[in-house]
Amino acid sequence: MSTEKGPNFIEELIAADVASGKHNGRVLTRFPPEPNGYLHIGHAKSICLNFGVAKKFNGKTNLRFDDTNPETEETEYVESIKADIKWLGFDWANEFYTSDYFDTLFEFAIKLIKNGWAYVDDSTSEQIAEMKGTPTEPGNESPFRNRTIEENISLFEKMKNGEFKEGEKVLRAKIDMASPNMHMRDPVIYRIKHAAHHRTGNKWLIYPMYDFAHGQSDSIENITHSICTLEFEVHRPLYEWLIEKLDIFPSRQYEFARLNLSYTVMSKRKLLQLVKEKHVDGWDDPRMPTLSGLRRRGYTPASIRNFCDIIGVAKRENVIDAGLLEFCVREDLNKHALRRMVVLNPVKLIITDYPDGKTETFHAENNPEAEDKGGYRQITFSKEIWIEREDFMENPPKKFFRLAPGQMVRLKNAYIIKCHSFKKDDNGNITEIYCSHIPESRSGKDSSGINVKGTLHWVDAGNCTSVEVRLYDRLFRSENPGGANDFTNDLNPDSCRIIHHAMAEYALTEAQPVEHYQFLRLGYFFADKNSTAEKQIFNRTVTLKDTWAKELKKKE
RNA sequence: UGUCCGAUGGUGUAAUGGUAACACUGCAGAUUUUGGUUCUGCCUUUCCAGGUUCGAAUCCUGGUCGGACAACCA
């Protein structure tokens, strides 16, 4: 249910540009991931924004891999990124790579040198850092700053031809070492890297820096609105300086605040660490905030798009409550998930007044929210059933609307039953519960006139299947994992609980891997990628809202 | 002790000089063969101080607080 929302500030800016006839009203955005990691929910915000505004103004969006650092970038990441964007539901107009522009970028650098706006510096990176000054003190000019144009061109060509070692020389823009903006203090724009690139192989021995690649690529593609996150705000003067000096298409950069989510980490460095140190089972572990993890967990593209819509776009730092993402997926799944009954922690319940060997078949709706109830499935009922252990209490507290000696409950889609006794083993564990049933209370034909407060899910012991269920919880137990300390200290030790043998109604044996299920009263579940017909595995996407659990917590 | 950016309920986001609202959360209730869903109601908001104005969340000035920036990363 995406309620109509007013335009965000980016959309307002674009609307003004379109109205004024800028670029003849043309709108072209781009999504520029670096292929050095998997996409996460924070990228989803950017994807929805970039593709969303373009669509809104009849424009298009390019996908451009920002691959200027061959040491960290891999084709595996390119493929995963493309798959994730498609899964989210977006199509790009063109698939480009910054590396497509290496020749042009090289020419741009030559042009800068020829106009006296760039020079080759022999200083070490330490020396350059030292000469840079600090945010409060101006920097010092490099002794190599005033080489002749001819010398600079010759040196830069030699850098390109591999005549220098890595780190021996860099190309710097010649701007202003006293600028209050650190990025204007003669930024490095090309560095030597004798590394193989995932696309250009060994063709290049020098690679442009982000600042000399990103804006220029935007310009080459005639991007009208280059939307990025706040930390690039201080780069904007350089972005514009380069466009002006190079006299190329004037793309403009706009910044918005990145997404932060409570109870998770979002930086690629930290996510990579979780994978490498095996705190999780890969980038697509269902507890990861990556799009592939969320997908495996059972999140739907629609729920993520809706989430991105709801959180809005602004310039102030924000932390979104993880509960909002859960709300969004529940809202979507409630409408679409097929209902099934599964008992996670079973205890045997025997209907003592039900004939031995008798079996009845009931029809159960697949989805009460659907107009046609999503069709119906068959479930069987007999003398012995499994119910959830937590649904029975020997000495129940007030307002416990479940089973207890002398108490009545409805078995979903079946009869009302009344508990009259139970059996315990030597350790005091309940092993069997004995009930009688009200024959007139059969679901759909209830003439008993009895009203009960509680309804339990159950599974016919004689006709069920065993499945594995993985109960996922938040990966971190603190709202802001780590704070200033090591974030891995805040990992939630109970973030994955595996139930090896849950009892599921027979209909679940026909589960389709693409279907989302609601296990009644438990939550939403989705078949894991490793699930097979022989061994079905279901991941819990999210629990149902549980006001009873909340009630119990309050009493603690 | 620099430059830039920001500040609206618990969390987000609107209101674009004219009654501060929407969503989530929380609380209370109704309905319910899922303690789910749905529905109803309630709680809670303009960082501070001046100024302009008939009127300021909005404009101005000065503070305060928070964030970004000193990679041959992006």
Side-chain angles (χ1 to χ4, degrees), chain A residues 1 3-9 12 32-34 36 66-69 71-73 121 123-125 128-130 132-139 166-172 179-185 188-193 206-207 209-211 213-214 228-237 255 257 262 268-269 310-321 323-324 326-328 330-331 334-335 339 341 364 368-369 399-402 409-414 416 441 443-444 446 451-457 518-523 543-551:
Chain A
M1 179 172 41
T3 41
E4 202 56 40
K5 264 189 117 174
N8 59 53
F9 79 98
E12 283 179 352
E34 183 189 9
N36 69 345
D66 217 339
D67 54 351
T68 58
N69 187 355
E71 285 162 355
T72 57
E73 295 152 4
D121 195 332
S123 309
T124 64
S125 67
I128 290 176
E130 201 160 315
K132 204 123 203 177
T134 69
T136 54
E137 298 161 300
E166 284 194 20
E168 214 175 321
K169 287 182 168 45
V170 291
L171 183 70
R172 291 228 258 169
S179 170
N181 183 331
M182 297 294 289
H183 296 276
M184 299 298 272
R185 322 241 266 226
V188 173
I189 57 178
Y190 258 97
R191 80 284 215 192
I192 300 169
K193 268 187 196 292
I206 55 172
Y207 292 90
M209 298 288 292
Y210 166 85
D211 283 308
H214 199 100
C228 63
T229 46
L230 249 29
E231 67 267 30
F232 293 104
E233 206 158 26
V234 280
H235 293 244
R236 190 170 0 116
E255 309 87 11
S262 61
K268 274 199 257 186
R269 198 203 96 235
I310 284 177
I311 58 176
V313 178
K315 286 193 81 157
R316 74 185 85 113
E317 301 285 343
N318 61 84
V319 181
I320 307 285
D321 189 337
L324 186 59
E326 294 173 351
F327 165 82
C328 288
R330 281 194 192 103
E331 185 189 42
N334 176 51
K335 286 182 292 196
R339 314 291 134 121
M341 292 200 283
E369 303 299 316
K399 294 208 280 186
F400 182 78
F401 305 139
R402 304 179 187 184
V409 294
R410 156 78 63 184
L411 292 174
K412 179 75 181 175
N413 296 121
I416 291 173
S441 68
S443 193
D446 189 349
N451 276 318
V452 292
K453 283 283 229 175
T455 300
L456 306 188
H457 63 279
Q518 183 196 105
F519 293 172
L520 242 56
R521 303 210 298 141
L522 298 175
T543 61
L544 255 32
K545 221 168 94 181
D546 191 344
T547 48
W548 174 242
K550 207 185 288 174
E551 186 81 16

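So that the names make sense, note that chain A is the first sequence line, chain B the second, and so on, each numbered from 1.
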Say we look at B:A23 and B:C4: how far apart would their C1' atoms be, to the nearest angstrom? 32 Å

Nearest-Å distance for atom pair CD/P, residues A:E130 and B:A71: 12 Å

Taking the C1' atom of each, how far is B:C60 from B:G17, in whole Å? 14 Å

First of A:V319 and A:K169 reached from the 5' end of RNA chain B, by closest nucleotide: A:V319

Which atoms of nucleotides 26-33 of chain B (N or O only) lie under 3.5 Å from a protein N or O atom, and what are those distances?
residue: B:G26; atom: OP1; partner: A:K550; partner atom: NZ; Å: 2.6
residue: B:U33; atom: O2'; partner: A:K412; partner atom: NZ; Å: 3.1
residue: B:U33; atom: O2; partner: A:N413; partner atom: N; Å: 3.0
residue: B:U33; atom: N3; partner: A:S443; partner atom: OG; Å: 2.6
residue: B:U33; atom: O4; partner: A:R410; partner atom: NH1; Å: 3.1
residue: B:U33; atom: O4; partner: A:S443; partner atom: N; Å: 3.2
residue: B:U33; atom: O4; partner: A:S443; partner atom: OG; Å: 2.7
residue: B:U33; atom: O4; partner: A:G444; partner atom: N; Å: 3.0

For B:U8 and B:A56, measure between their C1' atoms and round to the nearest Å. 14 Å

OP1 or OP2 of B:G67 sitting under 4.0 Å from any side-chain N/O of A:R316? no

P gap between B:G6 and B:G41, integer Å: 37 Å

Can you check the distance between B:U46 and B:U11, where both ends of the measurement are the P atom (answer in whole Å)? 13 Å

Check every strand shown and say whether A:S123 touches a base, only sugar-phosphate, or nothing at a heavy-atom separation below 4.0 Å. base

Within the 4.0 Å heavy-atom criterion, would you say A:L230 contacts the bases, only the backbone, or no part of the nucleic acid? nothing

Contact class for A:I311 (heavy atom, under 4.0 Å): base, sugar-phosphate, or nothing? sugar-phosphate

Heavy-atom donor-acceptor pair, A:E73 side chain to A:N69 backbone, under 3.5 Å: yes

Reckon A:M209 touches a base, only the sugar-phosphate, or nothing at all at heavy-atom distances under 4.0 Å? sugar-phosphate

Tell me the interatomic distance from A:F9, atom CZ, to B:C5, atom P, rounded to whole angstroms. 13 Å

Scan A:V188 against the nucleic acid and name what it touches under 4.0 Å (heavy atoms): base, sugar-phosphate only, or nothing. sugar-phosphate

What base-paired stems does RNA chain B take part in, with at least 3 consecutive Watson-Crick or G-U wobble pairs and both distances under 3.5 Å? B:2-7 with B:64-69, B:10-13 with B:21-24, B:26-30 with B:38-42, B:47-51 with B:59-63

Out of B:C5, B:A74, B:U8, minimum distance to the side chain of A:E233 belongs to B:C5

Taking atom types as they are modelled, is there a donor-acceptor pair under 3.5 Å from the base of B:G36 to the side chain of A:R330? no

Roughly how many Å apart are B:G9 and B:C5, using the P atom of each and rounding to a whole number? 22 Å

What contact category does A:P368 fall into here, base, sugar-phosphate, or nothing, at under 4.0 angstrom with non-hydrogen atoms? base

Set out, in order, the CA-CA distance, both residues' side-chain angles and the distance that settles side chain to side chain contact (heavy atoms under 4.5 Å, CB included) for A:R410 and A:D446, then state yes or no. CA-CA 11 Å; A:R410 156 78 63 184; A:D446 189 349; 2.7 Å; yes

Once you apply a heavy-atom cut-off of 4.0 Å, does A:G323 come out as touching a base, just sugar-phosphate, or nothing? nothing

Using a heavy-atom cut-off of 4.0 Å across all strands, would you classify A:T68 as base, sugar-phosphate, or nothing? sugar-phosphate

Starting from the C-alpha separation in whole Å, work towards a yes-or-no answer on side chain to side chain contact (heavy atoms under 4.5 Å, CB included) for A:V313 and A:F9. CA-CA 7 Å; A:V313 178; A:F9 79 98; 4.0 Å; yes

Which whole number of Å gives the distance between the P atom of B:A68 and that of B:G35? 46 Å

Considering only B:G35, B:G36, B:G2, which nucleotide approaches the side chain of A:F400 most closely? B:G35

Atom CG of A:N36 and atom P of B:C73 are separated, to the nearest Å, by 12 Å

With hydrogens left out and only the distance checked, is there a donor-acceptor pair under 3.5 Å joining A:E317's side chain and the base of B:G12? no

Between B:U37, B:A71, B:G35, which nucleotide gets closest to the side-chain atoms of A:E369? B:U37

Which residue lies more 5' along RNA chain B, comparing A:G454 with A:N318 via nearest heavy atoms: A:N318

Picking from B:A74, B:G6, B:G35, which would you name as closest to the side chain of A:F401? B:G35

Euclidean distance, atom CD of residue A:E255 to atom C1' of B:C5 [Å, nearest integer]: 9 Å

I want to check one thing: is the phosphate of B:G36, taken as OP1 and OP2, less than 4.0 Å away from some side-chain N or O of A:T547? yes

Between B:C73, B:A23, B:C72, which nucleotide gets closest to the side-chain atoms of A:K193? B:C73

Under 4.0 Å, heavy atoms only, any strand: does A:F232 hit a base, just the sugar-phosphate, or nothing? base

Taken to the nearest whole Å, CG/A:N181 to P/B:C5 is 11 Å

Separation between the P atoms of B:U45 and B:A57, rounded to whole Å: 15 Å

Does the pair A:W548 and A:R402 meet the rule for a side chain to side chain contact (heavy atoms under 4.5 Å, CB included), with working shown? CA-CA 11 Å; A:W548 174 242; A:R402 304 179 187 184; 3.1 Å; yes

Per the atom types in the model, does the base of B:A74 pair as donor or acceptor with the side chain of A:H235 at under 3.5 Å? yes

Calculate the interatomic distance between A:R191 atom CZ and B:C73 atom P; express it in whole Å. 4 Å

Mind checking A:D546 for me? I need base, sugar-phosphate or nothing, with any heavy atom below 4.0 Å counting as a touch. sugar-phosphate

Would you call the rings of A:H235 and A:H183 parallel, tilted or perpendicular, taking 30° and 60° as the class edges? tilted

Quick note, A:N69 side chain, CB onward, closest among B:G12, B:C5, B:C73 is B:C73

How many angstroms lie between CD in A:E255 and CZ in A:R236, if you round to the nearest 0.5 Å? 4.0 Å

If we require ring centres under 5.5 Å and near-parallel planes under 30°, does A:W548 stack on B:G35? yes

Could you walk me through whether A:M209 and A:V170 satisfy the side chain to side chain contact (heavy atoms under 4.5 Å, CB included) test, starting with their C-alpha distance in whole Å, then the side-chain angles of each, then the deciding distance to 0.1 Å, before giving a yes or no? CA-CA 10 Å; A:M209 298 288 292; A:V170 291; over 6 Å; no

What nucleotide among B:G36, B:A74, B:C24 has an atom nearest to a side-chain atom of A:L324? B:C24

State, without any angle test, whether A:D121 and A:S123 hold a side-chain donor-acceptor pair at a distance under 3.5 Å. yes

I'd like to know if the side chain of A:R191 and the backbone of A:E166 have a donor-acceptor N/O pair within less than 3.5 Å. no

Does A:E231 CD have over 12 foreign heavy atoms under 6.0 Å away? yes

Between the base of B:U34 and the side chain of A:Q518, is there a donor and acceptor pair under 3.5 angstrom? yes

Base, sugar-phosphate, or nothing: which does A:F519 touch, judged by heavy atoms less than 4.0 Å apart? nothing

Keeping A:D211 on the side-chain end and A:I189 on the backbone end, is there a donor-acceptor pair under 3.5 Å? no

Touch class at under 4.0 angstrom, heavy-atom based, for A:R339 against every strand present: base

